[in-house]
Amino acid sequence: MSKTTHTPRVLFQSDSFPSSLLVKCQKLAYYFLHMSTTIKTAELIRRRIAEIPVGEPFTPTAFLEYGTRASVDQTLSRLIKAGSIERVTRGVFVRPEVSRHVGKVSPSPLKVAEAIARTTGATVQVHGAEAARRLELTTQVPTQPVYYTSGPSKRIRVGKMEIRLQHVCQRKLALAGRPAGLALAALWYLGKSEVTPALIEKIRRKLSSTEFEVLKSATSAMPAWMSDALFRHERTMRHA
C-alpha cells in the first residue's frame, strides 16, 4: 500500500491576504499598543500625584518621565474633570485642600511662584518689601504679591489675584529660601540710607545666631554700603 502524502494546508498567505484587511489589523494593533501605553502613563501619574501633599502646587513637567507632554496633559485634563485635581493657573495644578471652616483653601502665592520657577530651574525669593514687613522693620503691607526671580519677569493670574515675578540680578537672590536670605532681601529693599547698625541689631534679634552668621558670611553678595553696615554693627557690639 502506498503512503498518502498530506500537504499542510496554508491558513495564511500574505500575497493572498487582502491589503485593506492587513492595514486594518496593523491599525488595530497600534491602537491597543497605544492604549496600553496611555493607561500605564495615566496610572503612573495618578500614583505620583497621590504622593504630593494636598495644597502643594505642581506642573506637568513633574511627570514627563512617564510619557509625552501630550499624554501627560491628557491625563491631567481627565483628573480635573474627575475632580481629583484643580487648575490654579495656566500650567499649575493642585490637589484641592478643603477646610471645614472656610471651604477650599488656595495655595499661597509664594508656592505658586516657586512651582512656576521650577519648570525653568529659576530661583524665587520674597520681595524686599514683604521681607522687611516679616522682620518687623516696617509696618507697610504690600498690596500685591511680588517675588524676585532669576527667571524672566511675568504676571500670573490666580483667580482675582495677580502674582508678579520681577527679574533681579543673581546676588539679590543669594541665600534664597532661608531666614538669612529674607534679611538680605530686606536690606536691599531698605537701601543705604535706612541700613544702619541699629537696624542690623534689629535683624540680629529676629534671626537665630546661626542664620545671622550666615548673613554676615554673605558679604560677597552685598554692595559696599551693606557690608560696611554689618562691619560697623560688629564693631559696636565688640565695644558695647
Side-chain angles (χ1 to χ4, degrees), residues 44-67 69-135 138 140-170 172-186 188-189:
L44 289 171
I45 292 174
R46 288 192 186 95
R47 291 177 185 176
R48 177 68 186 89
I49 288 176
E51 296 173 354
I52 299 174
V54 171
E56 186 73 25
F58 57 85
T59 64
T61 55
F63 314 110
L64 293 181
E65 63 182 292
Y66 304 134
R69 180 59 188 261
S71 63
V72 170
D73 288 344
Q74 187 180 54
T75 299
L76 294 178
S77 180
R78 288 173 177 170
L79 291 174
I80 289 173
K81 291 179 181 177
S84 301
I85 63 174
E86 291 183 352
R87 180 181 283 106
V88 178
T89 187
R90 183 178 179 182
V92 181
F93 306 86
V94 70
R95 291 174 63 202
E97 180 179 359
V98 181
S99 167
R100 62 180 180 178
H101 301 296
V102 297
K104 287 185 179 180
V105 179
S106 299
S108 71
L110 177 58
K111 286 188 175 182
V112 174
E114 289 174 336
I116 292 173
R118 281 196 297 270
T119 63
T120 59
T123 302
V124 168
Q125 173 63 296
V126 172
H127 189 276
E130 174 62 13
R133 186 195 68 80
R134 292 187 188 185
L135 293 170
T138 179
Q140 294 182 350
V141 180
T143 58
Q144 179 188 33
V146 183
Y147 301 96
Y148 296 143
T149 180
S150 58
S153 297
K154 63 172 64 178
R155 296 175 185 271
I156 306 155
R157 176 66 61 179
V158 179
K160 296 181 179 180
M161 177 180 62
E162 184 179 77
I163 301 172
R164 189 158 64 90
L165 296 179
Q166 179 184 336
H167 176 78
V168 295
C169 61
Q170 192 63 44
K172 287 189 176 182
L173 296 166
L175 310 179
R178 59 186 305 165
L182 197 70
L184 184 62
W188 274 107
Y189 170 75

What's the spacing between [X] [atom1] and [Y] [atom2] if we round to 0.5 Å?
X    : Y    : atom1 : atom2 : value
T138 : E130 : OG1   : CD    : 10.5 Å
R46  : T75  : CZ    : OG1   : 6.5 Å
F58  : I52  : CZ    : CD1   : 5.0 Å
L175 : L184 : CG    : CG    : 5.5 Å
E65  : I45  : CD    : CD1   : 10.0 Å

Pair listing, side-chain hydrogen bond (donor to acceptor under 3.5 Å, both in side chains) test, anchored in residues 89-109, at least two apart: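 For residues 89-109, and leaving out neighbouring residues, the side-chain hydrogen bond (donor to acceptor under 3.5 Å, both in side chains) pairs sorted by first residue read E86-K104.
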Carboxylate-amine/guanidinium contact K111 E114, below 4.0 Å: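 No, K111 and E114 are not salt-bridged.
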Using 4.0 Å as the upper bound for N to carboxylate O, is an ion pair formed by R47 and E51?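 Result for this pair is no, no salt bridge flagged.
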Identified side-chain contact (heavy atoms from CB on, under 4.5 Å) partner of V92 from the options I116, V158, T119, I156: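 Output: one option passes, namely I116.
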List in chain and number order the residues that pass salt bridge (Lys or Arg N to Asp or Glu O under 4.0 Å) with [X], two or more places apart in sequence or in another chain; answer none if no residue qualifies.
X    : value
K172 : none
R178 : E211
R87  : none

Q140 atom CD, neighbour heavy-atom count above 12 within 6.0 Å: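 Open: at most 12 neighbouring heavy atoms sit under 6.0 Å from CD of Q140.
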Hey, can you tell me if H127 and Y148 have their rings parallel, tilted or perpendicular (30° and 60° cut-offs)?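 If you compare the ring of H127 with that of Y148, the planes turn out tilted.
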Shortest non-hydrogen contact from [X] toward [Y]:
X    : Y    : value
V54  : P96  : CG1-O, 3.3 Å
A176 : T123 : CB-CG2, 3.7 Å
R118 : P57  : NH2-O, 3.5 Å
Y189 : A132 : CD2-CB, 4.3 Å

Looking at side-chain heavy atoms only, is the closest gap between L76 and P60 below 4.5 Å?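 Side chain of L76 against side chain of P60, heavy atoms only: contact under 4.5 Å found.
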Are P107 and V88 packed together at the side-chain level, in the sense that at least one heavy-atom pair is separated by less than 4.5 angstrom?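 Answer yes - side chains close enough.
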With sequence neighbours excluded, what pairs up with L64 under the side-chain contact (heavy atoms from CB on, under 4.5 Å) test?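 L64: side-chain contact (heavy atoms from CB on, under 4.5 Å) contacts with T61, R69, V72.
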Can you list everything that forms a side-chain contact (heavy atoms from CB on, under 4.5 Å) with S77? Sequence neighbours excluded, please.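 Checked S77 against side-chain contact (heavy atoms from CB on, under 4.5 Å); matches are K81.
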Hey, mind stepping through R155 and Q144 against side chain to side chain contact (heavy atoms under 4.5 Å, CB included) and telling me if it holds? CA-CA 11 Å; R155 296 175 185 271; Q144 179 188 33; 4.0 Å; yes
Evaluate the side chain to side chain contact (heavy atoms under 4.5 Å, CB included) criterion for residues E56 and V94: first the C-alpha distance (whole Å), next the side-chain angles of each, then the deciding distance (0.1 Å), finally the verdict. CA-CA 6 Å; E56 186 73 25; V94 70; 5.7 Å; no
Quick one: do L165 and S153 satisfy side chain to side chain contact (heavy atoms under 4.5 Å, CB included)? Show the steps, please. CA-CA 5 Å; L165 296 179; S153 297; 5.9 Å; no
Okay, side chain of T149, backbone of V124: is any donor-acceptor separation there less than 3.5 Å?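 No, the answer is negative, given that no donor and acceptor are paired below the 3.5 Å cut-off.
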Is the side chain of Y147 donor-acceptor paired with the backbone N or O of R164 at a distance under 3.5 Å, no angle test?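 Side chain of Y147 to backbone of R164, a donor-acceptor pair under 3.5 Å: no, none is there.
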Which is it for W188 and V168 under the side chain to side chain contact (heavy atoms under 4.5 Å, CB included) test, yes or no, and what are the steps along the way? CA-CA 11 Å; W188 274 107; V168 295; over 6 Å; no
